[in-house]
**Q** 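A single structure is presented below for examination.
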Amino acid sequence: MKKHSAVACIGQAGLFAQLPEEDLTKIAPISTHQEYFPKGSIIRQPGDGKDGLIFLDQGSAKIYSLNEAGKETVLGVLNKGDLDGQQNLFQDNHEENFVQALQDTYVCSINRRDFQDLLKKTPDLAINMLNNFGEKLVAIETKSIRRNSMSAKDRLLAYLEDLAKKQGRRDVQLKLKKKDLASYLGVTPETLSRQLKKLAKENRIKLSGRKIILL
DNA sequence: CCATTAATAGGCG
DNA sequence: CGCCTATTAATGG
């Protein structure tokens with residue numbers, strides 16, 4: 001583990017990346033840094049009183065919610081440099097979700113009230129927030145459209161293509177367990193397993209455990 | 001090792 | 001495609 005600079009850490013987040021150093025140094029004092037969460041531990045959960053933004057300095061995590069029956073629905077994945085909980089910075093919403101570390105993870109966080117105060121004094125930050133929101137909206141919309149209009153196989157393929165694009169390579173490493181990926185895609189693990197096999201048989205992908213190569 | 005959890009297989013509606 | 005069950009693989013202590 002390398003040394004941790006609050007300013008450098010914040011600068012890694014897409015949300016803050018384009019801010020001048022001057023602004024970053026303003027954010028640094030209100031942020032908490034490098035809390036350690038071992039693999040499998042819960043980083044955030046409803047009712048834990050943590051209402052701020054979280055930022056992954058190292059590791060990865062999944063965001064999910066539980067329905068009445070106790071079934072879990074995976075809403076998304078956070079990787080190094082990603083952040084979540086922006087909504088919570090603006091209003092005290094109670095539809096919080098669970099966030100669980102998929103690997104040993106270090107998270108940095110910022111309290112809601114502190115952030116709001118800062119936002120008022122830092123217009124650039126407000127603009128960036130807005131842009132970030134836009135991206136998130138598009139992502140949600142895309143997912144929603146896929147879920148409603150694409151077959152399981154196409155959804156899966158589209159997901160893999162997105163991942164490949166994001167990781168900048170044709171061999172994709174799944175961060176999620178397949179049952180979690182299934183939940184994220186809105187299918188059962190069995191269906192996911194079968195579709196992956198079909199795609200492999202059609203020579204569109206190549207499987208090797210949690211690594212998948214797009215052909 | 002054993003025990004638990006994850007992944008796959010096959011049958012059925 | 002989802003749900004159920006059985007079998008096998010992977011994981012963790």
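Below, read A as the first sequence line, B as the second, and so on, with proteins coming before strands; counting in each chain starts at 1.
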**Q** According to the ring-ring contact (aromatic ring centres under 6.0 Å, His included) rule, which pairs have a member within residues 34-53 of chain A, sequence neighbours left out?
**A** A:Y36-A:Y106
**Q** Whole Å only: how far is the CZ atom of A:R155 from the C1' atom of C:dG2?
**A** 12 Å
**Q** Would A:K62 and A:K175 count as a side-chain contact (heavy atoms from CB on, under 4.5 Å) if you check the C-alpha gap in whole Å, the side-chain angles of each, and the deciding distance to 0.1 Å?
**A** CA-CA 9 Å; A:K62 69 173 174 181; A:K175 292 275 169 70; over 6 Å; no
**Q** Which is more 5' along DNA chain C, the nucleotide nearest A:Q195 or the one nearest A:R210? Just name the residue.
**A** A:Q195
**Q** Determine whether any donor atom in the side chain of A:E190 lies under 3.5 Å from an acceptor atom in the base of C:dC3, or the reverse, and answer yes or no.
**A**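 No.
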**Q** Map A:R194 and A:K179 onto DNA chain B by nearest heavy atom, then report which one ends up closer to the 5' terminus.
**A** A:K179
**Q** Indicate yes or no: does A:R146 engage A:D162 in a salt bridge with an N to O separation below 4.0 Å.
**A** yes
**Q** When the distance from NZ of A:K198 to C1' of B:dT8 is rounded to whole Å, what number comes out?
**A**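 About 15 Å, once rounded to whole Å.
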**Q** Hey, does the side chain of A:N148 reach the backbone of A:S144 with a donor-acceptor pair shorter than 3.5 angstrom?
**A**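 Checked: pair present.
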**Q** In whole Å, what is the span from the CG atom of A:L199 to the P atom of B:dT8?
**A** 13 Å
**Q** Main chain of A:V138, side chain of A:T142: is a donor-acceptor contact present, judged purely on distance under 3.5 Å?
**A**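 Present.
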**Q** Name the closest nucleotide to the A:T191 side chain, picking from C:dG2, C:dG12, B:dA7.
**A** C:dG2
**Q** A:L176 has an atom CG; how far is it from atom C1' of B:dT5, in whole Å?
**A** 16 Å
**Q** Given atom CZ of A:R147 and atom C1' of C:dG2, what is their separation to the nearest angstrom?
**A**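 It is 14 Å, rounded to the nearest whole Å.
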**Q** A:D180 CG to B:dA7 C1': how many Å, rounded?
**A**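 Checked: the CG to C1' distance equals 13 Å.
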**Q** Just compare C:dG12, B:dT8, C:dC1 and give me whichever is closest to any side-chain atom of A:P189.
**A**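 Given the options C:dG12, B:dT8, C:dC1, the side chain of A:P189 is closest to B:dT8.
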**Q** Extract the stems that DNA chain C is part of, considering only consecutive pairing runs of at least three Watson-Crick or G-U wobble pairs, both distances under 3.5 Å.
**A**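 Output for stems: B:1-13 with C:1-13.
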**Q** Using a 4.0 Å heavy-atom cut-off across all strands, classify A:G186 as base, sugar-phosphate, or nothing.
**A**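 A:G186: backbone/sugar contact only, no base atoms under 4.0 Å.
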**Q** Taking the side chain of A:K177 as its heavy atoms from C-beta onward, which of C:dC1, B:dA7, B:dG10 lies nearest to it?
**A**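 Closest nucleotide among those given: B:dA7.
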**Q** Could you work out which one of B:dT8, B:dA7, C:dC3 sits closest to the side chain of A:T188?
**A** C:dC3
**Q** Take the protein atom CG of A:L185 and the nucleotide atom C1' of C:dC1, then report the distance between them rounded to whole Å.
**A** 14 Å
**Q** Which atom names give the shortest non-hydrogen contact between A:F55 and A:D82, and what distance separates them?
**A**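 Heavy atoms only, the tightest pair is CD1-O, 3.4 Å.
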**Q** Can you confirm whether or not the ring centre of A:Y184 sits under 6.0 Å from the ring centre of A:Y64?
**A** no
**Q** Within this structure, what is the NZ-to-P distance between A:K178 and B:dT5, rounded to whole angstrom?
**A**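 Interatomic distance, NZ of A:K178 to P of B:dT5: 20 Å.
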**Q** Can you tell me if the side-chain N/O atoms of A:K39 get under 4.0 Å from OP1 or OP2 in C:dT11?
**A** no
